[in-house]
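Comments concern the structure below.
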Amino acid sequence: MITVQLPDGSERSLPAGATALDLAGTIGRGLAKASVAAVVNGTATDLTAALNDGDHVSIVTDNTDDGRHVLRHSTAHVLAQAVTRLFPGTKFSVGPAIEHGFYYDFDLPDGRTLSDDDLRAIEAEMKAIVSADQPFIRSEMSPDEALQLFADQPYKCEIINRVRAASGDSLDAAEVGRGDVISAYRNSDAFVDMCVGPHVPSTGRLGYFALQRVSGAHWRGDEGARMLQRVYGTAWESKSALDEHLTRLEQAAARDHRRLAIDLDLLSFPSEIGGGLAVWHPKGAIVRRIMEDYSRLRHERGGYQFVYTPHLTKGTLFETSGHLDYYADGMYPPMEMDNGTYYMKPMNCPMHCLIYASRQRSYRELPLRLFELGTVYRYERAGALHGLMRIRGFTQDDSHIFCTEEQLADEVASLLDFVLSVLRAFGFDDFTFNLSTKDPNKYVGTDDIWERATEALREALERHGLEYGIKEGDAAFYGPKIDIDVRDAIGRSWQLSTIQADFNNPQRFDLEYVGSDNNRHRPIMLHRALFGSVERFFGVLLEHYAGAFPTWLAPLQVRVLPVSSAHEEYAAKVVEQLRAAGARVDSVGADDGLGRRIRAAKLEKVPYVLVVGDDDVAAATVGVNPRGGEVERNVTVDAFIKRLTAEIDESTRRALNA
RNA sequence: GCCUGGGUAGCUCAGUCGGUAGAGCAACGCACUCGUAAUGCGUAGGUCGUGAGUUCGAUUCUCAUCCCAGGCUCCA
């Protein structure tokens with residue numbers, strides 16, 4: 001007999017050789033059925049592994065994150081087996097579990113690629129493997145034995161060799177673990193895969209999965225390496241969990257900003273103009289204008305000085321800044337002109353540097369904050385474009401702050417306040433912060449200044465009591481930065497704002513100020529954007545609100561609907577009153593039924609629909625049908641105007657003081 | 001840039017095994033004048049992304065190209 005300890009501290013005695021699955025069975029049939037793996041003495045283990053006396057054991061069930069991870073990873077093995085069955089000679093590389101699912105990368109014989117039809121066939125083959133209830137049988141071996149076992153799997157051999165040479169990465173580790181002992185899981189005589197595990201006891205435990213898409217993926221994520229066929233899938237513990245997930249995906253698709261931009265007539269991407277270049281329609285332009293006006297107002301109050309700079313510049317400017325060396329690929333190609341080579345600007349900072357450098361600066365002017373809604377052009381690669389989120393022409397709410405090193409921490413601290421206040425104004429309140437530090441292989445400036453600037457950013461974060469992550473080596477070459485991600489209404493995270501220190505440009509543009517000591521000093525430059533790009537921020541907002549902009553931002557705030565044409569004159573009067581009060585309002589005559597017109601207004605997500613009929617004409621009232629609220633009759637026009645302006649003022653006021 | 005799909009009416013899509021295309025919604029017209037999410041009837045609307053090739057004939061097949069979607073890579 002052996003005795004094992006459970007997570008609650010209790011002990012169980014089991015016959016020698018018993019497994020975690022046996023243990024789960026003694027605790028309860030339900031647990032045994034839901035179990036997919038175990039954690040033994042802190043290590044994830046197969047349910048079928050024999051337990052030892054004194055082990056600390058907890059059972060991993062299929063409705064936990066860890067349990068789903070096991071399900072997904074095991075399903076990836078089934079996928080690999082199905083593909084090798086259908087396409088003999090397939091070489092497979094890696095197939096990890098990922099958030100919500102899994103993928104597996106394949107190199108099919110003769111460079112064959114997979115189509116969507118293939119996916120359906122593979123899925124059917126996978127179902128057959130699940131029905132066959134094949135066991136997952138673990139074995140362990142030395143690297144040499146593994147090289148022999150996987151002799152016809154070059155990708156596996158490469159992983160084994162790399163790990164043995166101690167240069168493996170985390171993806172490799174998921175395959176082979178420590179490297180001195182390599183484990184493999186066999187499902188059948190014909191299929192064995194190298195893997196750390198753990199796995200479910202048999203394929204019959206799986207089945208609630210769906211293959212989603214096929215795509216190319218470079219081996220080891222290296223663009224120069226061979227392109228493999230990657231199959232993505234999702235897997236869950238039950239049909240209902242799978243269905244819920246698929247439903248969530250549909251709901252997310254329904255609030256896709258590209259869909260909403262078309263439905264709500266906000267903007268479009270005419271192919272005549274070219275990929276990644278948007279035109280803003282009147283309704284989208286209203287929202288954008290309010291966003292920009294708001295941004296200008298906040299910057300004006302925040303002590304920023306507004307500047308304008310051109311969209312074109314001689315290439316020499318970007319030679320000075322160094323961007324041509326680093327980012328020429330990401331810039332629009334040069335235009336040869338009679339007095340030099342010109343480029344569209346991919347950023348505003350060098351031009352702001354020139355404004356700084358246009359005359360001698362005193363320490364008394366610092367911090368000097370230059371602000372511009374600056375439109376820039378970047379040649380994003382065709383495959384990288386994504387609606388407003390990744391776009392080739394966009395407008396940054398861009399500011400460059402020139403300050404002394406001593407001012408850096410204070411300036412960053414007040415910037416954090418500013419950023420959060422602006423983001424809150426637009427309805428975001430869940431933020432995460434990341435501090436990116438020096439990439440030892442790619443940086444300018446002395447170690448000393450990096451150290452002090454990084455410390456200043458850290459101090460600013462800590463002064464706010466903010467929790468933050470560290471991204472080692474993720475800084476731009478010119479200085480450390482703080483990135484701010486926001487979480488939207490459906491839980492997705494977006495990186496919007498950024499605050500970056502820059503030691504490069506001040507040096508390259510030879511920026512100076514005269515200090516109180518009458519000597520010349522070099523300022524530090526801060527780049528910062530709050531929206532990031534106006535376009536992208538608009539896209540995130542659109543998805544955040546699912547198109548239902550709050551009243552202060554809504555393109556149309558009120559629509560007045562006369563019950564019949566007899567009430568159109570009164571409706572026009574109401575419109576006039578509302579317009580005089582500053583509301584964006586229109587009216588639709590009674591050519592169509594009232595229900596139809598209300599439906600149309602609801603689909604346009606107008607915040608307020610006002611219905612006016614006989615009663616209202618008689619009493620100077622309106623019927624108020626608010627978006628997402630209850631209908632209210634007999635509200636006087638004055639009362640509604642008061643309510644509307646109070647709501648708009650309130651959100652604007654809150655926005656200004658947040 | 002690479003892999004896999006796709007581009008047909010304003011939108012969502014069907015269709016043509018090669019013989020110049022159809023639905024729903026939207027638009028327009030007429031009737032209806034209606035109290036809170038779809039009134040009825042009718043009309044119009046497309047060189048089937050663009051260019052070339054094969055063919056008696058191409059929206060359909062081939063090639064090129066542009067654009068879109070999902071990935072990979074990239075993102076100052």
Side-chain angles (χ1 to χ4, degrees), chain A residues 103 105 111 113-119 212-232 253 256 258-259 262-263 265 268-277 318 321-331 345-350 376 378-387 389-392 396 442 475-479 481 495 498 500 502 504-505 527 533 536 561-568 589-604 609-616 622-626 630-634:
Chain A
Y103 68 79
D105 287 350
T113 55
L114 293 172
S115 69
D116 290 353
D117 287 341
D118 293 327
L119 232 49
Q212 293 169 299
R213 63 186 80 91
V214 58
S215 77
H218 299 282
W219 165 235
R220 301 192 54 71
D222 174 359
E223 192 172 5
R226 187 179 181 77
M227 179 152 281
L228 308 172
Q229 292 291 299
R230 174 171 297 179
V231 177
Y232 282 95
D256 187 304
R258 294 161 302 184
R259 173 83 260 133
I262 296 169
D263 289 348
D265 194 16
S268 58
F269 293 88
S271 60
E272 292 86 342
I273 295 179
L277 298 165
F318 292 115
S321 70
H323 288 105
L324 266 177
D325 291 343
Y326 282 92
Y327 299 113
D329 287 350
M331 290 168 62
K345 67 172 169 181
M347 78 279 297
N348 307 299
C349 24
V376 299
R378 297 182 183 176
Y379 191 76
E380 300 288 358
R381 299 210 279 177
L385 297 175
H386 180 87
M389 305 309 191
R390 205 58 191 280
I391 191 172
R392 284 178 172 158
Q396 297 177 308
K442 190 179 167 193
F477 71 91
Y478 49 69
K481 64 173 176 176
Q495 196 223 300
T498 182
Q500 311 183 353
D502 184 349
N504 181 53
N505 275 307
H527 304 244
S533 103
R536 185 179 148 85
L561 300 179
V563 171
S564 81
S565 18
H567 313 113
E568 282 177 14
D591 288 342
D592 277 319
L594 181 62
R596 186 182 188 83
R597 285 176 288 149
I598 287 176
R599 176 179 152 82
K602 294 294 178 186
L603 292 176
E604 286 177 50
V609 176
L610 303 186
V611 173
V612 294
D614 287 335
D615 301 350
D616 300 298
V622 294
V624 180
N625 184 338
E630 295 290 308
V631 171
E632 196 180 339
R633 292 284 300 273
N634 306 317

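In what follows, every heavy atom counts, from backbone to side chain, and hydrogens, waters and symmetry copies are set aside. Since the model is a prediction, treat every value here as computed from it, not as a measurement.
Backbone-only contact: A:Arg258 has heavy atoms under 4.0 Å from sugar-phosphate atoms and none from a base. A:Gln212 comes within 4.0 angstrom of no nucleic acid atom, judged by non-hydrogen atoms across all strands. A:Gly387 comes within 4.0 angstrom of sugar-phosphate atoms only, judged by non-hydrogen atoms across all strands, and of no base. Counting non-hydrogen atoms under 4.0 angstrom, A:Gly275 reaches the backbone sugars and phosphates but no base. Across all strands, A:His386 comes closer than 4.0 Å only to sugar-phosphate atoms, never to a base (heavy-atom distances). As judged by a 4.0 angstrom heavy-atom cut-off over every strand, A:Arg381 is placed among the base-contacting residues. Residue A:Arg259 is in sugar-phosphate contact alone, with no base atom involved, counting any heavy-atom pair closer than 4.0 Å across all strands shown. Here A:Leu561 lies out of heavy-atom contact (under 4.0 Å) with every strand.
Residue A:Arg220 contributes atom CZ, which lies 13 Å from atom P of B:C74 at whole-angstrom precision. A:Lys602 has its NZ atom 15 Å from the C1' atom of B:A38, to the nearest Å. Taking atom CG on A:Asp615 and atom P on B:U36, their separation rounds to 12 Å, with Å as the unit. In this structure, CD of A:Gln229 is placed 7 Å from C1' of B:U4, rounded to the nearest angstrom. Look at NZ on A:Lys481: it is 9 Å from C1' on B:A76, rounded to the nearest Å. Rounding to whole angstrom units, CG of residue A:Asp591 and P of B:C30 are separated by 9 Å. A:Ile391 places its CD1 atom 10 Å from the P atom of B:C68, with the value rounded to the nearest Å. If you take CG of A:Leu228 and P of B:C2, they are 17 Å apart, rounded to a whole angstrom.
Screening A:Arg230, A:Gln229, A:His218 for a side-chain hydrogen bond (donor to acceptor under 3.5 Å, both in side chains) with A:Asp105, the sole residue that qualifies is A:Arg230.
Atom CH2 of A:Trp219 and atom CZ of A:Arg226 lie 12.0 Å apart (nearest 0.5 Å). With rounding to the nearest 0.5 angstrom, the OG atom of A:Ser268 is 14.5 Å from the CZ atom of A:Arg258.
When the P atom is compared between B:G24 and B:U62, the two are found 32 Å apart, to the nearest whole Å.
The residue among A:Arg390 and A:Ile262 whose nearest nucleotide of RNA chain B lies closer to the 5′ end is A:Ile262. Closest-nucleotide positions on RNA chain B for A:Tyr232 and A:Ala382 were compared, and the one nearer the 5' end corresponds to A:Ala382.
Under a 4.0 Å N-O distance rule, the pair A:Asp615/A:Arg633 qualifies as a salt bridge.
Remark: the A:Arg599 side chain and the B:A38 base include a donor-acceptor N/O pair separated by less than 3.5 Å.
Here the nucleotide nearest the side chain of A:Val563, chosen from B:C34, B:C11, B:A76, is B:C34.
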